[in-house]
Amino acid sequence: MEQDKLMTLLETAEIISREELLKKLEKSKETGQPLKVKLGLDPSAPDIHLGHTVPLRIMRAFQDLNHEVYLIIGDFTGRIGDPSEKAETRQQLTQEEVLANARTYEEQFSKILNPDKTNLVFNSSWFNEWQTEDFLQLATRYTVARMLERDDFARRYREGRPITILEFFYPLLQGYDSVAIKADIELGGMDQKFNLLVGRQLQREYGQTPQVLIMSPLLEGTDGVQKMSKSLGNYIGINEAPGQIYGKTMSIDDELLVRYFKLTTDFKTRELEKIIKEIEEGKIHPMEAKKLLARHLVAMYHGDEAAQAAEKEFENVFSRGELPSQMPEKIVQAEWLDESGEIDLISLLYKLELVESRSWGRRMLKQGAVYIDGERVKDQDTRICPKPSMIIRVGKRRFARLSVTQ
RNA sequence: GGAGGGAUGCCCGAGUGGCCAAAGGGAGCAGACUGUAAAUCUGCCGGCGCACGCCUACGAAGGUUCAAAUCCUUCUCCCUCCA
């Protein structure tokens with residue numbers, strides 16, 4: 001049963017190699033020895049989003065099959081920074097920050113993994129013990145030529161962009177993590193392929209049986225093009241408010257629907273196939289399918305009730321154009337007003353932080369995005385007399401209910 | 001050590017004296033439409049008591065010029081080739 005679920009999850013993944021995986025699973029069943037499954041985490045970005053959940057859910061499946069699961073916080077490697085075109089030096093996190101981030105991780109992954117059966121490990125716990133010679137030793141295990149096989153390095157080398165030698169250490173250290181815990185399986189995104197392969201190679205060097213790699217596809221973010229990532233701002237975080245998760249999900253491209261269903265949801269295999277078929281054959285309205293997806297996702301991370309509520313709210317606000325049931329209360333300071341108790345609308349929008357600058361406010365006004373108590377206001381010179389409970393709306397998503405101080 | 005190339009707005013990327021707040025694309029935002037915060041179309045997209053005005057902005061600091069992202073000097077960082 002659980003094995004089936006795992007297999008379903010693995011359908012979209014690239015595995016190196018399937019045969020080895022089956023062999024390991026079989027052997028584990030025979031000997032009763034659980035497999036060690038590793039997933040590396042970046043200590044600087046502790047917000048888990050739907051993209052992260054893809055490998056995490058595979059991990060959960062392994063957990064349910066009673067294998068041993070290791071989350072490795074790369075606090076030591078984090079000091080180097082994963083090679084990227086940005087080549088920005090990553091700022092070093094303090095011990096406290098690392099711990100705080102780890103705690104956040106723990107809290108978040110508990111929504112997916114079984115926390116009692118999850119080993120959370122810091123890779124500084126071994127690397128901090130290392131002497132200089134140990135690092136040099138490690139460096140003898142890999143060649144520059146092989147390093148340059150990495151797409152990113154190869155491209156940068158070809159294009160004449162900088163690659164520091166330090167960057168070569170990143171895959172080495174991350175790979176060594178697998179040696180340190182004697183991983184049987186390592187999970188990761190497709191973009192981690194090179195690093196994971198280094199792990200395999202290093203294990204061989206250190207006389208271990210190389211780990212099996214399970215690389216999950218990268219989930220496109222809400223922009224539908226680039227992979228979901230926090231820095232691109234196209235992510236749906238599992239810790240976000242239900243309304244946010246619901247709304248952001250509704251904003252993904254219809255094209256992405258099937259992919260999201262496959263990669264992020266917990267529908268049973270048969271159910272999932274049915275939904276996908278209906279979408280592909282046009283039997284279910286894309287909007288309805290997306291609502292189902294949105295509801296399901298909210299329910300996964302916030303429970304059914306929140307999902308119902310989020311859907312209702314969404315329908316009210318966006319389908320029917322009604323006001324949200326809850327609006328942030330914004331306080332109008334008495335000193336903003338002139339003798340007759342008025343203020344020009346642009347200043348008010350700015351002071352209430354409904355717009356980021358006065359120019360922005362002017363633009364919104366010009367574009368007809370501003371409503372006061374449901375009345376569209378377009379005149380830039382409008383002065384208003386703020387009254388308690390007055391409702392100001394900017395665009396589709398920004399609302400404020402006013403209150404006035406003395 | 002020598003020779004050459006480069007640094008542009010949130011990102012990518014054009015621009016080599018005025019027409020440049022800076023092409024184009026992406027992202028973002030708004031409006032219309034709708035089936036949704038989808039798609040599509042249109043518009044906006046540095047700031048400012050802002051309709052033609054001013055300020056800030058093209059790695060940094062100076063300079064030439066009526067006028068500089070564009071020319072000169074110095075500096076910082078990056079890259080390539082040779083050694």
Side-chain angles (χ1 to χ4, degrees), chain A residues 84-89 153 155-167 220-236 240-261 278-279 282-298 310-324 336 338 342-351 353-371 376-383 392-399:
Chain A
S84 80
E85 351 219 325
K86 305 271 151 98
E88 51 196 46
T89 336
F153 287 147
R155 188 169 357 100
R156 284 202 280 160
Y157 186 67
R158 202 183 327 117
E159 292 172 5
R161 284 182 291 142
I163 304 167
T164 66
I165 291 181
L166 181 68
E167 289 182 73
E220 291 80 2
T222 50
D223 60 329
V225 182
Q226 293 186 278
K227 72 169 184 183
M228 185 173 285
S229 92
K230 198 183 176 190
S231 51
L232 292 171
N234 62 354
Y235 69 104
I236 302 176
E240 291 192 84
Q244 284 292 307
I245 296 182
Y246 194 96
K248 284 187 179 185
T249 304
M250 291 305 285
S251 84
I252 62 168
D253 249 48
D254 289 0
E255 301 288 314
L256 253 50
L257 256 175
V258 169
R259 207 158 156 77
Y260 269 64
F261 267 110
E278 284 180 344
I279 294 173
K283 281 192 184 144
I284 179 172
H285 195 293
M287 181 183 71
E288 292 305 328
K290 216 186 283 181
K291 278 183 167 178
L292 174 63
L293 173 67
R295 212 186 311 134
H296 185 82
L297 288 175
V298 176
E311 178 157 293
K312 204 168 161 226
E313 183 79 3
F314 184 87
E315 287 170 348
N316 283 338
V317 176
F318 296 106
S319 304
R320 287 197 276 282
E322 290 170 10
L323 293 170
W336 298 347
D338 63 15
E342 293 187 335
I343 179 169
D344 69 281
L345 186 50
I346 289 176
S347 301
L348 186 65
L349 293 177
Y350 180 62
K351 288 184 194 240
E353 296 176 326
L354 287 166
V355 294
E356 283 141 50
S357 72
R358 314 184 98 257
S359 297
W360 187 254
R362 213 172 294 273
R363 240 175 268 143
M364 290 297 103
L365 234 22
K366 239 183 267 181
Q367 294 180 139
V370 180
Y371 293 82
R376 175 177 278 174
V377 182
K378 289 188 100 160
D379 183 2
Q380 294 184 35
D381 300 321
T382 306
R383 299 184 65 78
I392 301 189
R393 177 182 145 198
V394 179
K396 283 178 190 143
R397 291 195 261 162
R398 301 184 134 171
F399 297 89

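The sequence lines fix the lettering, A, B, ..., with proteins before strands; numbering per chain opens at 1. Because the structure is predicted, anything quoted here is derived from the model rather than measured.
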Roughly how many Å apart are A23(B) and A69(B), using the C1' atom of each and rounding to a whole number? 14 Å
Taking the same atom, C1', in G13(B) and in G18(B), what whole-Å distance lies between them? 24 Å
How is M364(A) classified with respect to the nucleic acid when contacts are heavy atoms under 4.0 Å: base, sugar-phosphate, or nothing? sugar-phosphate
What distance, rounded to whole Å, do you find between the two C1' atoms, one in G26(B) and one in A51(B)? 31 Å
When the C1' atoms of A67(B) and C75(B) are considered, how many whole Å apart are they? 26 Å
OP1 or OP2 of C48(B) versus the side-chain N and O atoms of R363(A): is any pair under 4.0 Å? no
Picking from A39(B), G35(B), C33(B), which would you name as closest to the side chain of P286(A)? G35(B)
Side chain of S359(A) only, please: which of C45(B), C48(B), A37(B) is the nearest? C48(B)
Counting only side-chain N and O atoms of S357(A), is one of them less than 4.0 Å from OP1 or OP2 of G46(B)? no
Name the residue closer to the 5' end of RNA chain B, choosing between G247(A) and A369(A) according to the nucleotide with the nearest heavy atom. A369(A)
Just checking S319(A): base, sugar-phosphate only, or nothing, at a heavy-atom cut-off of under 4.0 Å? sugar-phosphate
When we call it a touch if two heavy atoms are under 4.0 Å apart, what does G368(A) touch: a base, just sugar-phosphate, or nothing? sugar-phosphate
For Y246(A), which contact category applies under a 4.0 Å heavy-atom criterion: base, sugar-phosphate, or nothing? nothing
Base, sugar-phosphate alone, or nothing: which one does L257(A) contact when heavy atoms must sit under 4.0 Å apart? nothing
Can you measure Q367(A) atom CD to A30(B) atom C1' for me and round it to whole angstrom units? 4 Å
Taking N or O atoms only and anything under 3.5 Å, show me the protein contacts with nucleotides 52-54 of chain B, one pair per line.
none

Take atom CG of D254(A) and atom P of A37(B), then tell me their distance rounded to the nearest Å. 12 Å
Work out how far the P atom of C77(B) is from that of C29(B), and round it to whole angstrom. 39 Å
Under 4.0 angstrom, heavy atoms only, what part of the nucleic acid is G221(A) near: base, sugar-phosphate, or nothing? nothing
Within the structure, does a side-chain N or O atom of R376(A) lie under 4.0 Å from either OP1 or OP2 of A32(B)? yes
How far, in whole Å, is A37(B) from A14(B) if one measures between their C1' atoms? 33 Å
